[in-house]
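We name chains A, B, ... by the order of the sequence lines, and we start the count at 1 in each one.
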Amino acid sequence: MKKHSISLQVNGAVHEITIQPNKTLLDVLRDELNMPETKYGCGTGECGACTVLVDDQKVINSCLTLAATMDGKSITTAAGLQTAEGTLHPVQEAFVENAAVQCGYCTPGMVLKSVGLLKKNPNPSEDEIREWLEGNICRCTGYEKIVTAVQLAGKKIAQADG
Amino acid sequence: MSTRILTEFELLTPNTIPEALSILNEFRDNVIPIAGGTDVLVAMKFGFSTEYAMSISAIPDLDYLSFDPNKGLRIGANATISQILDSKAVKQHYPALWQSAKIFATPQIRNSATLIGNLLRASPAGDCSCAVYALGGSIVLVSQQGEREVDIDDLWISYQNTERRSDELAIELRIPAPEPAGRSAFKRLTRVNEDLAKLNVAVNLVMDGDKCTHARLAMGCVAPTPLRLRATEKLLIGQTLDGSVLKRVMASVKEEINPIDDQRSTAEYRKSVSGVFLRRAIEQACDIS
Amino acid sequence: MTEFRTVGKSEIKIDVKAKVTGRAVYAADINLPGTLHAKIVRCYEHAHAKVKSLDLSEAAKIPGVVKVFAPEDLTTKFYNQSVIDIMVSEDMRGMLGDIEDQKILTDHVKHYGDGIAAIVATTEEAAERAAERIKVEYEPLPVYLNATESSQDGAVQFTPQKPRNMAFELPEPAFPNNTLGWGDADEGFKEADIIVEDNFYTSKQKQAQMEPNSYIALYDDDGLLSCWTSTQMPKSVQPKIAKLFNLPMSRVRIIQTVVGGGFGARLGMVLEPHICALAMALPGHPIKVQSPREEDWLTSPSRHPGDYWMKMGFKKDGTPVACDAKFVNYKGGYYLDGSGVAFTTGGWVSGLYKFGALRYKGESYFTNQPVCGAYRGYGNPQTNFVLEQLVDRACHELKIDPVEWRKKWHKDVGDDGWCAGVPYASCALDEVLDEGAKAIDWKAKREKYAQQTGVKRRGVGVAVMVHTSGAMPMLLEHTVCTVRLNEDATAVVAFACSDMGQGSHTTLRQIAAETLGFPLEDVSLSVGDSNDAGYDIGAHASRTLYVGGGAVMAACKDALKQLLERAATMLEANPDDLEIEDKQIFVKGSPDRKVAASEICSGGVYPFLNPQTGAPDTIPGQILGYSSFNPMHNSPPFGACFVELEVDTETGEIKLIEMVNGHDIGRAINPAVVEGQLEGGAQQGLGMALTEELYFSTDGKVLNNTFTDYKMLGPSDMPKITNVIIENPDPHGPFGAKSVGEAGLVAPVGATANAIYNAIGIQITDLPITPEKILKALNEKHAA
């Protein structure tokens, strides 16, 4: 297999990397860049544990994305939502405060998915949140506290912006 | 069985359409074009292998969605399902397509998957495929030999097989301009909300007052490819959509479909709800409650 | 009520910041230098076959392959991946017979996905490529997908120790006539005015925890075997691995990583034997295996499916005169804890209602299916589906309100619980039922829905349940805890209790802080490494807060006692007259006579000798509290669930509207944690009722071991949820607490079925209740 050289920005840092064409973005984040916060849950785009934010706007399944096609893109992972000084993103804060986390394996993807929603729709209804969170499976919480955490996060962002 | 690691292949990433066509011309059946890749990558994890994969995502200007009230809708090969969903024109003029995009897979998949990719998958369960089938339209295929437009009615040949030749690239979907009195709707049945359809249906009707003057009906998961319900369409044309017509329509659809038992449902169930579901889609399109 | 400092508060969970940033370290996230990657090669051609030949030569040639392994290249000793063998007494073990029937790699494939070979390579990709080159020839054997098939004459025996492929039945003499219960059921039925009876099928549900199975093992130069795993039971896996590889326990170290969900799937071992065997074969190299998601359905145990028959007799006034029941479950290919669910399923029947007589039989049979074992609720959801539907059928016939009947006939304080001889010490089911009925507006809705016409029919249903807190007296209950007080009067609490996400580390820390009288932030935990803590049987049977909490409380009391004794010496007071507040110890009523806890703790660690006297200035010795705790009870929690839904009678589709999950918690140590357990349990219980089932082709291939086709309720499928948490402190539980982890799943199963019955007057007897089944039943009813 002919390797591909790409430039990938992850959480603000640019990585010039040479990779096999059959590596997914998830493979590269976890194995090449040693950033394990993005999780393998199913590898087929059903569970959302591998969700990342691309170019600060759209969420994708990193398990269904060929890394070699991501040249020049900017990726945000759950770790990248926190500032270097340790301040959590309002969505992360809301998940913490609202006990929206149990085993935590879905959480990085769930947090990024919620960030993706609030960027599109800062004040979503409960139904909109529930529909949007489809594609991210949580087996622990019954989703209840996650949904209310996203509502809380929306309010936090609105307060910070206002 | 499945693997966490994709099979081996060479990846080609053309930056222009001519480059892409040259690749297709050279490798033909040994290359699979990828846009969003959400179907192909899953297939690769379950044993599908290809010598070459060609990603068209680096080709600029193929991610358009444009609407002209006279010419209709033009959708480029890199336009995602999310773009369909974000389009006010689609929502207003092609409700069936918008509704199918709304429930299509998951938000992440919608951000990557393309509409043209969904059509070319030629899956009998494709939600947007079902909607596009009812709306009608054509796919523009280009090769080094030139360009041709294939009517959506002729696109699907058999299960996961299309009219596209291996040296051709599908670059655009064209959907005709909306009829002023046109109405469309899409519905599907699933096990849970986020799911592949066990049955989907799309209707596209043109109404003259109470009377139906034109009808295209499509149903998925009831045949090896998405199915047009041509016999049932005839029962609608020229008719007022009253209870007795709808009853005949419901009876007819059962005769026209040929579903199977699979992981998602049974042939018996699909048959028994097909009529109800078609009726409901018609009612939804025409705001009959 | 006593004022607590931290008990009763929804404290922020300990590990939550690491989880929202993704920094929590799961097994797959660990990369030790020089790691090699393993792949277990599985049989996907057959569900039952003998391996005739296995050719690994081509696989071995793939660049990067370090070694390939046939079954005989690893230990061929039999083992049992569950921990039932170490949880029961020798007498009981004798009754179970020989239950070690698994090998690391097999030449007798007993289910789709059984492991037949292994590969270790420098990369996961090389191992994967090598697996594609393995050549196997099989001799297919008949495939048995239920007990009737596998127990027939002439069927291929799964193991010589279990004739007719019967893995288990309730054994004589502990269970006379192989039955559990009381009274004479046959006589009881003679008094009945009505009898309700039916055959049910309960499905093979999978835990589907979000973290797939990953493990690392290293057999190091000092002969220490270390295994990083997300098992729910590190201290039970340790002796099992030691036994399998003939190592002393001192040479086996189990490091529990952050656990990405368990629900029973990680009870005992899954791939620990495999990864440890490979590590022993390649000393000095860390070996890592990361299973594809699809393998989880095939390798870790699921809920037991089976055929469940039940018959109940009632007098006109509702008196339940007798119950007769039999659950025949399908074990899958191996024994595991084959005795457990066959027993508990009846235990849950016996614990709930005051039947005049009860006779229950439970049997397990091998089948060519992936293994079954523990899954949240352990037989209780199966019982709930059957028992609660039949109760509602009887209530309907007798025209008795289902809530009123349950209030009248459920067992209560003083009655025997799920295990005879352990009477209930607390029960708040009446209050749970009353509050739950109020929250869902039971009476009004039942009346309203009795008058419905139209295509869409609403229904509201109720089910109740009783569960357990720990598994005494049937199984061993034991947790060890140590509490070390640092010189600044902060505490390090060490135990091996697992937090699988349910929040037990947070709640156990609250119990420690409350008991010590220390602020929460002054208590840290030492968890995870099997060598750092004493025994704990592991997370199962909804025991961690109850038994672990008892152990933590006892150890903290021990530490506190030592602290107060030293304070008493220093203050020249009686220890009983002392109180601790803000880490100041003072004589009750004399706030000026005080000493700081830090002064005592510091003095214990730094007992400098006085140059004049030669004696220490302070009382020497670091304070260490200790407990080796065996609970005296199993404090069963009761629960009631109400579900409201809508049935589309033209399509059979079900829309969940609302649910009220009521729970008799005893004391909510952390209310948010309790709510989380109820809400998460509801998702799995509703899913069991409506969508979740692993299913098979006629030749035994699993057809839906993917999230594409194993469907669970998603965020937009879930109904509005209200939790009703009743606090009625139990005399045995820590601060009065009883369990909730498993319980939340149970009653939603029966309540959903009963809501459907209320909506359309039909009871679906096999799980899951799909639109296909509903529509068929509606059509049949219509035709009739």
Side-chain angles (χ1 to χ4, degrees), chain A residues 20 22-23 30-31 34-47 49 77-82 86 88-89 91-93 95-111 126-127 129-147, chain C residues 10 12-13 15-26 28-31 124-125 207-212 214 258-263 290 292-294 499-503 670 672-673 675-684 686 706-708 712-718 721 723 744:
Chain A
Q20 285 181 197
N22 66 337
K23 294 296 168 193
R30 290 186 61 85
D31 302 336
N34 202 15
M35 302 175 85
E37 65 270 22
T38 308
K39 304 298 181 196
Y40 165 86
C42 69
T44 55
E46 294 277 354
C47 81
T77 70
L81 291 173
Q82 192 184 25
L88 294 177
H89 185 281
V91 170
Q92 292 173 318
E93 259 179 32
F95 272 61
V96 168
E97 291 167 15
N98 208 48
V101 177
Q102 288 192 29
C103 89
Y105 200 80
C106 77
T107 307
M110 202 63 91
V111 163
E126 183 181 337
D127 284 349
I129 294 170
R130 286 181 181 274
E131 278 173 29
W132 180 262
L133 292 179
E134 289 291 351
N136 287 67
I137 300 175
C138 169
R139 192 56 159 166
C140 296
T141 64
Y143 301 100
E144 192 72 14
K145 295 203 185 308
I146 294 175
V147 172
Chain C
S10 295
I12 299 282
K13 289 165 99 177
D15 50 2
V16 67
K17 275 194 184 174
K19 285 176 173 174
V20 295
T21 55
R23 276 196 281 273
V25 179
Y26 300 83
D29 303 338
I30 297 169
N31 287 309
E124 198 183 353
E125 184 161 8
Q207 297 88 346
Q209 78 293 338
M210 286 316 297
E211 182 204 4
S214 296
V258 174
V259 183
F263 316 114
Q290 298 179 78
R293 162 58 63 182
E294 291 75 20
D499 191 336
M500 305 181 280
Q502 78 276 44
N670 182 318
V673 165
E675 289 162 12
Q677 290 303 298
L678 289 174
E679 289 156 4
Q683 190 264 357
Q684 296 183 10
L686 295 170
T706 62
F707 285 135
T708 309
M712 304 176 286
L713 300 185
S716 69
D717 300 302
M718 289 294 289
I721 296 181
N723 302 306

Mind ranking [options] by heavy-atom pairs under 4.5 Å with chain C and telling me who comes out on top?
options                               : answer
A/Gly135, A/Gly142, A/Ala99, A/Ala100 : A/Gly142
A/Arg139, A/Gln102, A/Glu144          : A/Arg139
A/Gly41, A/Ala79, A/Pro108            : A/Gly41
A/Ile129, A/Val91, A/Asn22, A/Val147  : A/Asn22

Select one option (side chain, backbone, both, neither) describing which atoms of [X] are under 4.5 Å from chain C's heavy atoms.
X        : result
A/Glu126 : neither
A/Asn34  : side chain
A/Gln92  : both
A/Leu81  : neither
A/Asn98  : neither

Pick from [options]: which one has the most heavy-atom pairs with chain A under 4.5 Å?
options                                : result
C/Asp15, C/Val20, C/Leu713             : C/Val20
C/Gln502, C/Gln290, C/Glu675, C/Glu124 : C/Glu675
C/Gln677, C/Gln683, C/Met500, C/Glu679 : C/Glu679
C/Pro292, C/Gly744, C/Gly681, C/Ala18  : C/Pro292
C/Lys17, C/Glu294, C/Gln207            : C/Gln207

Per-residue contact mode, [X] against chain A (heavy atom under 4.5 angstrom):
X        : answer
C/Asn31  : side chain
C/Ala24  : backbone
C/Leu678 : neither
C/Val673 : neither

May I ask you to test the A/Glu37-C/Thr21 pair for a side-chain heavy-atom distance under 4.5 Å?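 No. Closest side-chain heavy atoms not under 4.5 Å.
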Contact check, side chains of A/Lys23 and C/Glu125, non-hydrogen atoms, under 4.5 Å: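 Result yes, sub-4.5 Å side-chain heavy-atom pair found.
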To check you understand the geometry: which heavy-atom pair defines the closest contact between A/Cys106 and C/Met210, and what is its length?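 Between these two residues, the closest heavy atoms are CB-CG, 4.4 Å.
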Show every side chain to side chain donor-acceptor pair (under 3.5 Å) that has at least one partner inside residues 38-47 of chain A, sequence neighbours left out.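 Side chain to side chain donor-acceptor pair (under 3.5 Å) check on residues 38-47 of chain A returns A/Lys39-C/Asp29, A/Glu46-C/Thr708.
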To the nearest 0.5 Å, tell me how far C/Gln209 CD sits from A/Cys103 SG.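 If I round to the nearest 0.5 Å, the distance is 8.5 Å.
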CD1/C/Ile721 to OH/A/Tyr143 distance, rounded to the nearest 0.5 angstrom?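 One gets 11.5 Å once the value is rounded to the nearest 0.5 Å.
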Partners of C/Tyr26 by ring-ring contact (aromatic ring centres under 6.0 Å, His included), sequence neighbours excluded?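 So C/Tyr26 forms a ring-ring contact (aromatic ring centres under 6.0 Å, His included) with A/Tyr105.
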Under a 3.5 Å distance rule, please check whether C/Lys13 uses its side chain to pair with a backbone N or O of A/Val101 as donor and acceptor.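 Answer holds: yes.
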side-chain contact (heavy atoms from CB on, under 4.5 Å) between C/Met712 and A/Ile137: does it pass, once the steps are laid out? CA-CA 9 Å; C/Met712 304 176 286; A/Ile137 300 175; 3.7 Å; yes
Testing A/Glu131, A/Glu134, A/Arg130 for side chain to side chain donor-acceptor pair (under 3.5 Å) with C/Ser716, which one passes?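 Going through A/Glu131, A/Glu134, A/Arg130 one by one, the side chain to side chain donor-acceptor pair (under 3.5 Å) with C/Ser716 is satisfied by A/Glu134 alone.
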